[in-house]
Structure formats: structure tokens, C-alpha cells
Protein chains: 2
Amino acid sequence: MVVNKGIRLLSTKAARFVPSGGVYPKGFVVGGIHCGVKKDGKSPDLAVLHNTFGQDANAAAVFTKNKFKAAPVQVSAATIKQKNGVGINSIIVNSGNANAVTGQKGMEDARAMAMVTDSVFGDHKDSTLVMSTGVIGNKLPIDNILSGIPKLESQVGDSHDHWLACANAICTTDTFPKLVSKSFEINGNTYTMAGVAKGAGMICPNMATLLGFFVTDAPVSAKALQQILSYATDRSFNSISVDGDMSTNDTIVAIANGAAGGDLIDNNSSCAESYFELQKEVTSFAQKLAQLVVRDGEGATKFITLKVKDALSYKDAKSIASSIANSSLFKTAMFGKDANWGRILCAIGYSDVSTAQSIIPDRTSVTFVPTDGSEPLPLLVDGEPESVDEARAAQILELEDLEIEIDLGTGGGQEAKFWTCDLSHEYVTINGDYRS
Amino acid sequence: MVVNKGIRLLSTKAARFVPSGGVYPKGFVVGGIHCGVKKDGKSPDLAVLHNTFGQDANAAAVFTKNKFKAAPVQVSAATIKQKNGVGINSIIVNSGNANAVTGQKGMEDARAMAMVTDSVFGDHKDSTLVMSTGVIGNKLPIDNILSGIPKLESQVGDSHDHWLACANAICTTDTFPKLVSKSFEINGNTYTMAGVAKGAGMICPNMATLLGFFVTDAPVSAKALQQILSYATDRSFNSISVDGDMSTNDTIVAIANGAAGGDLIDNNSSCAESYFELQKEVTSFAQKLAQLVVRDGEGATKFITLKVKDALSYKDAKSIASSIANSSLFKTAMFGKDANWGRILCAIGYSDVSTAQSIIPDRTSVTFVPTDGSEPLPLLVDGEPESVDEARAAQILELEDLEIEIDLGTGGGQEAKFWTCDLSHEYVTINGDYRS
């Protein structure tokens with residue numbers, strides 16, 4: 001069964017994750033259209049976000065660490081740096097072509113996208129960030145994109161449908177658009193936050209690309225926003241694993257325009273309380289967006305939350321969670337509904353932790369925490385295997401959402417969460433067979 | 001079609017990799033029998049190697065770095081350390097049970113296996129190393145093993161069939177026994193080397209375990225042997241990837257008894273020439289054994305050699321090769337016969353290299369080197385994508401053996417080789433579905 005949600009036909013499963021309404025921040029317009037990058041002549045492939053509030057917005061960004069950085073990543077990183085994050089009012093995104101490994105022409109094209117956006121939206125120079133996702137190694141159909149920007153400008157707005165159109169226009173092989181919004185209070189002021197992401201859909205002949213951006217009408221200094229975004233990205237987009245690869249184009253951007261008023265949230269001691277409240281709000285928001293990317297992992301049949309408790313440090317906890325999340329053996333076991341604590345233990349054991357005391361074999365415990373609220377099932381307690389009730393394990397593993405808790409028992413008390421999916425036949429089919 | 005080779009029925013494909021004869025070093029006997037670890041009542045599950053030369057042999061070992069070390073790993077590491085590698089005359093191995101995560105009883109069982117072997121072969125205390133592979137979390141059927149050792153002792157020998165029996169008895173889900181032997185000359189003396197390995201077969205409910213041991217009748221000091229084994233293991237067993245996991249039991253051992261005479265090969269300047277000759281011989285030998293493990297990777301349909309050239313350091317070259325070899329996206333592309341340079345580039349870009357100059361995007365080249373000796377096919381030259389002849393690429397990718405050359409163009413001149421296999425539907429089936 002398919003249902004019509006927004007402008008794409010979605011499976012019932014995917015439709016569960018697309019909201020039918022939302023709350024959207026003041027002073028931002030968004031939109032998405034087809035401009036002629038995607039070859040089918042109709043799929044949306046150009047998205048924009050623009051700050052319409054009378055004052056310059058502040059922006060922060062986190063870019064891929066891949067040594068082969070796509071042109072839009074290089075151009076946007078230079079803009080953010082040059083402006084110190086101040087006066088960034090637009091984001092322009094094309095899907096269908098990554099503008100990666102495209103040489104000098106690629107750099108010129110990325111700069112042209114930013115300049116035309118500045119000009120069409122009547123903004124000052126260097127106020128636009130650029131993102132691209134899609135096939136790598138091909139030049140952009142830049143004329144289609146540049147002539148698409150004025151058309152897109154004539155269709156922007158701030159309704160739920162506009163946001164959904166924007167979310168759709170950054171998709172490649174994603175099976176559903178990823179859109180999240182929420183309201184929150186800081187110091188008695190109500191603020192709103194909304195954002196979109198695209199997931200780890202593989203794109204011929206290419207790799208996973210992760211794009212995400214979200215905006216708020218809270219007043220936040222560029223410096224505070226960058227610190228908060230880095231913290232939140234560590235715990236969200238950098239705490240998910242679909243296949244462990246890191247693309248040439250990965251980019252996460254946050255913009256704050258202050259349109260909802262209130263005192264400026266900065267990174268100094270006088271506003272520490274509001275800073276940490278905002279950090280909490282941004283982190284949980286980014287986690288929601290990132291989780292949608294995992295939900296849409298190619299061929300995924302399971303959504304898995306890994307919680308590593310009582311580590312010596314957050315870094316250790318995250319490294320251990322990441323090691324499990326990236327283990328092909330663990331991921332195929334979850335696909336096979338196999339309560340295989342051996343593979344979890346093995347992945348813990350070879351994770352890259354900082355000290356010899358970070359993992360203590362006879363204090364390590366592994367537990368399945370059923371997401372239906374029923375009784376947890378311990379698999380390993382203080383390094384000793386439990387005799388597992390296989391029928392009960394099978395029951396838990398039938399659930400779509402799985403949670404596994406690893407208690408390191410180091411006394412350090414630090415913890416990390418990580419989200420991943422299983423490794424299925426469908427994954428191999430999508431990524432191996434798609435040319436045949 | 002199946003053919004009878006040794007005592008197992010092998011597919012025609014697997015039989016290609018099992019030798020029908022060999023040259024075996026002087027002063028060693030080996031054997032393999034069923035003693036009652038494996039539940040089918042007949043598969044060989046106990047192997048031994050023993051030095052029969054009148055003098056004590058020297059040994060070296062490399063163990064898993066996994067924090068959860070199985071009991072036999074802990075016991076063998078302690079023995080090697082205590083003896084400084086001198087006077088190690090036997091190896092006893094059981095398959096079918098890994099004796100891992102088995103607590104104090106597991107340690108006692110591993111020690112008992114060594115002690116009984118010492119005694120049955122009339123040797124002094126602590127002259128035996130122990131290995132186990134199989135299911136983890138279960139206690140060993142230690143009585144069956146201990147009573148099996150004298151039976152095994154009565155059947156050892158130095159013929160090809162004895163070596164094949166030994167190779168078979170360490171297998172778990174391996175589809176063929178892995179046995180290599182060769183002769184070589186150093187300083188006008190002819191020496192012989194033979195060894196066995198078991199591969200990355202997954203074992204319910206468990207992970208890949210890599211075991212290997214090889215022996216020579218050359219006279220080598222324990223110190224030199226350890227240095228040479230570490231060097232060779234880096235470039236062989238630690239330069240292969242089937243699924244990137246590292247088990248609780250991985251162990252590689254080398255033993256030299258000097259039975260073929262000649263001057264002692266030591267790690268001092270007076271015998272530098274023979275040291276480096278032996279290092280070369282051991283490295284190429286270990287590579288042959290390690291490559292058999294890749295050939296037998298679960299569900300593998302391709303054998304892939306990655307050669308990274310002109311790196312700033314060996315470490316950089318190996319890290320880049322390892323990053324490609326462990327990329328699920330790259331491995332599924334090879335299964336799908338897809339000349340996907342984008343995924344190779346991506347994996348190069350996120351590899352863990354030591355300096356900012358280690359990877360220079362516009363000097364990086366990627367080439368398919370056909371293993372049938374035909375013309376190489378460049379995919380990327382100095383960071384620029386080539387327009388690839390898809391028909392030619394398809395032709396190359398039809399071959400079972402693939403070679404990909406990455407030229408980093410740093411001017412550093414260092415290189416590394418790495419071997420891996422593809423990621424197939426069969427892999428997911430074996431590791432996901434096997435309980436259903």
C-alpha cells in the first residue's frame with residue numbers, strides 16, 4: 001500500500017516517519033522544485049532556505065572529515081570561516097549531482113550557486129551556504145540550477161507544505177523526506193526549531209551522503225551556535241552508522257535569526273543556564289533528525305539503539321558503541337534475529353579505547369532492553385554468559401526497534417548512545433546488484 | 001561436483017587450493033583426529049604439532065589484541081613470555097569450542113591441555129602452546145580432549161597426509177583445509193617450511209577466528225624469530241580483511257628447530273644477510289597462508305588484492321588499503337561487478353593517515369590491474385575521473401581475482417599490499433539466517 005504524503009508516494013512504513021503538520025520558526029522561508037539536475041524531468045532537486053527577518057542571521061556548520069572534500073563543502077567552509085558565522089542568511093542545495101571530484105569548474109559552479117542565491121534573494125555578498133548530493137565525478141548542469149533559483153524564489157513560503165517540499169528536494173535514494181520541528185521555552189520565551197535531512201541512500205556511482213540543516217528563531221551568537229552544533233552533532237549525526245562510510249559531501253548547518261526575540265544566548269557565564277538549555281534542545285532535535293536517517297538506512301529492517309553505560313569517558317563509551325554499530329557480524333546477527341552476545345563482546349573487545357582500564361572483561365554486562373517496555377533480558381553479567389531463554393530472545397528480536405545496553409562497570413559513570421540498523425540481503429542487493 | 005581430497009569432501013572450487021603433495025621440514029610430526037569436541041561424532045577436532053629433533057625448538061607468537069582474550073591465548077602468551085620463546089616443542093589445538101569467556105575453569109582446562117601434551121610427548125614442563133577455536137561461552141569437554149591426546153600421539157607422522165589431517169582438524173566452518181609448504185635456500189643450506197591456518201568461518205554463536213602456525217627446520221634464535229614473525233604477520237595475517245572483526249582467539253605461531261643444520265640466524269649484524277633472507281621467505285610464506293583465508297571468506301566470490309603505492313610511510317599505505325578493504329560499500333560493489341571508483345576514493349579519504357600530506361587529492365590515481373595480464377584500466381588519474389569503458393570494466397570484473405592499484409603520488413615511495421574479498425548475499429545468509 002502506498003499513501004500520498006506531500007509530493008512523493010511513500011510506503012505505509014515510510015509514511016509513519018513523515019509528519020502531517022508542524023510548527024515552524026519565524027522569519028524563515030523554504031522551498032523545493034525540480035530544476036533539471038535529476039534526469040527524470042520531475043523529481044525535486046533544488047531546495048532553498050532563506051532568512052526573511054530584518055536582521056542578519058548567525059550560522060554554524062560541521063563538515064565531512066573526508067580528505068576528498070566536494071566543491072560545495074570547500075566553498076561553504078570558506079564562507080563560514082570568512083564571516084565568522086555572522087550574516088549567513090541562505091542555504092541552497094541541489095540533489096542528483098554531488099559536484100565532487102569536479103576540479104576547478106566544480107569550485108566555480110559552487111560559488112555561482114551561492115552568488116546567484118545572494119542576488120536573487122536581494123542579499124549581500126557571501127551570505128549563502130551551498131550543499132550538493134548525488135553522483136560524483138560529473139559536472140553540474142549549472143545553467144539549469146542557476147535559472148532554477150529565481151523560479152524557486154517565487155515559490156518559497158513558511159507553511160508545512162513548503163517545508164515538506166524543501167525536505168523532498170534534498171533527497172536522492174531516500175525512501176521518505178526527513179522533516180522535524182518543535183517548540184521549546186528558554187527564559188520564558190517560546191522558540192521554534194525546524195530542520196530537514198537526507199540520509200545514507202547510496203547513489204550510483206557513489207556513497208552515502210549525509211546532509212542536514214535546521215534553523216531556529218531564538219537569538220544565538222555565532223560562537224555559541226557553533227559550540228552547541230559541534231556538541232549536538234557528536235551526539236547525533238556522528239553517533240549513527242548505516243554502513244560506516246563518510247562521504248565527500250557530508251554537511252550539517254544550523255542557523256539562528258533571533259526573530260522570536262529575547263536575550264541573546266551566548267557562550268559566556270552570564271547566560272550559562274540558557275546556553276545549556278539550548279544545547280539540550282538542539283541535541284535532542286538533532287538526534288531526532290539523525291534517527292530518521294537510520295530508519296531509512298538502505299535495506300534496514302531493524303532500528304537499533306546502543307547504550308554504553310558507566311564508561312571511564314564519553315569518548316570510550318562512544319568508541320565502543322561505534323565499534324558494535326559498525327560490525328558487519330553484529331548487524332547481520334540482528335537481521336537474523338540472533339541474540340548473539342559473542343559478536344557484541346568481540347566488537348567491544350577490539351574497540352579503540354583510551355586506557356587499559358577502559359574495558360574490564362569480568363565487569364562487562366550486556367542486556368537486551370525490549371522497546372515494548374517488557375522485562376529486560378541479560379545476556380552477559382559481569383563477564384559471565386547467562387543461560388538465555390531463546391524463546392524470550394526471539395520474542396524481543398521480532399520487534400522492529402531494538403535496544404542493547406552495555407554496562408562497562410568501570411565506575412566512571414560516563415555514557416553514550418548510538419543508533420544503527422541491521423545489514424540485510426536488501427543492502428547487498430541495493431549496493432551490489434543495482435547495475436544489473 | 002565434489003572430489004575427495006584428504007579426509008574431507010571438497011567442492012571443485014575449494015579443491016583448487018588444497019595441495020596434493022608437499023615438502024615438509026625435518027624433525028616435526030603432526031596429526032589430527034576426532035576426539036569428541038564436535039558433536040557430529042566424526043569431524044576432526046584435535047590437532048598437534050611436535051618437535052622430534054633432539055634439541056629444544058624456539059618459538060614466536062602474535063596474539064589477538066581483543067580485550068576479551070580466550071583462555072588458551074592467555075595461557076600461551078604466558079608460556080611464551082616465561083620461556084622467552086626458548087624450548088617450545090609442541091602446539092595442541094582443538095576446534096569446535098573456543099574456550100573463551102569461560103572463567104577460571106577455562107584457564108585450568110587450557111593449562112591441562114598443555115600439561116597433558118608435555119607429558120604424553122615426554123617433554124619438559126611448559127613446552128606446549130594451546131589454541132582453541134569454535135563456539136564461545138561454553139566449557140570445553142575437557143575429558144574428551146585429554147583422553148584424545150594419547151590417541152593422537154599414536155597417529156602422528158610427517159607425511160603429506162599427516163599434515164593434511166592436521167590442517168583439517170583445526171577447521172570449523174572453513175570450506176577447505178589450508179596447508180602450505182616450501183623449500184628455500186639460505187647461505188647454501190636448503191631449509192623447509194610448512195604450516196596450516198584456519199579462516200574466518202563464522203561459528204554459531206560466534207565470530208571469525210584466525211589461527212595459524214608454521215614451522216621450519218632452519219636454525220633461528222627466538223628473538224630473531226619473534227621479530228621476523230611480527231614483521232611477516234603485519235604484512236600477511238594483519239593485512240587481510242574478511243569482515244573486519246578481530247576475535248577473542250586469533251593466534252599465529254612460528255617454531256624453528258634447526259634440524260636442517262647451518263649457522264644460527266640471529267638478529268645481530270653478523271648475520272644480517274641471512275636474517276633478511278629468512279624474513280623475506282617467512283613473509284611470502286605467511287602471505288600465501290593468509291591469502292587462503294581470504295579465498296575461503298564466507299560467501300566470497302572475489303579475491304581482491306589492493307596495492308597502495310608511493311605513500312609517505314608503510315603505515316599510511318596500510319591504513320588506506322585497510323580502509324578500502326573494510327568498506328562494505330566497496331565490497332558490495334565488487335560483488336556487483338561495479339567499477340565504482342567513487343567508493344574507493346571515499347574510503348581513501350576517510351582512512352586514518354598520519355599527516356595532512358599523506359593524501360593529496362589531485363595526485364591520487366586508481367587503476368584496475370587485470371589479473372589475466374591484459375592492459376590496466378585507469379579509473380582516476382591525478383584526481384581526475386577517466387571516462388571509463390564500461391564494457392572493458394565489466395570484462396575485468398568478471399575475473400575471480402581482482403587487483404586494484406592506488407598510486408598516492410606523494411613521492412614517499414612506500415607501499416603496502418592488502419587482501420580482501422567481496423560482500424555477497426551468501427555472507428548475509430551465513431551470518432544472518434543460519435539459525436532459522
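Note that the structure is a prediction, hence the values are computed from the model and not measured. All values below were derived from every heavy atom in this structure, side-chain atoms included, with hydrogens, water molecules and symmetry-related copies excluded. Per chain, numbering begins at 1; letters A, B, ... match sequence-line order.
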Value rounded to 0.5 Å, distance of CD1 in A:I348 from CZ in A:R343: 14.5 Å
For A:F63, the option from A:N249, A:D250, A:T251 that meets side chain to side chain contact (heavy atoms under 4.5 Å, CB included): A:T251
Which portion of A:T364 sits near chain B, non-hydrogen atoms under 4.5 angstrom: side chain
Pairing residues for B:T233 by the side chain to side chain contact (heavy atoms under 4.5 Å, CB included) criterion, not counting sequence neighbours: B:V62, B:L229, B:F237, B:N238, B:I252
Selection from A:G103, A:G349, A:S351 maximising heavy-atom pairs under 4.5 Å formed with chain B: A:G349
Pair B:K302-B:K331, side-chain contact (heavy atoms from CB on, under 4.5 Å): steps then yes or no: CA-CA 9 Å; B:K302 299 287 180 194; B:K331 288 160 74 101; over 6 Å; no
Partner residues of B:R363 under the side chain to side chain contact (heavy atoms under 4.5 Å, CB included) criterion, sequence neighbours left out: B:I360
Residues of residues 64-73 of chain B within contact distance of chain A, non-hydrogen under 4.5 Å: B:K65, B:N66, B:K67, B:F68
Nearest heavy atoms of A:A393 and A:V388, plus distance in Å: CB-CG1, 4.0 Å
With B:K105 via side chain to side chain contact (heavy atoms under 4.5 Å, CB included) - residues at least two apart: B:E108, B:D109, B:K139, B:I142
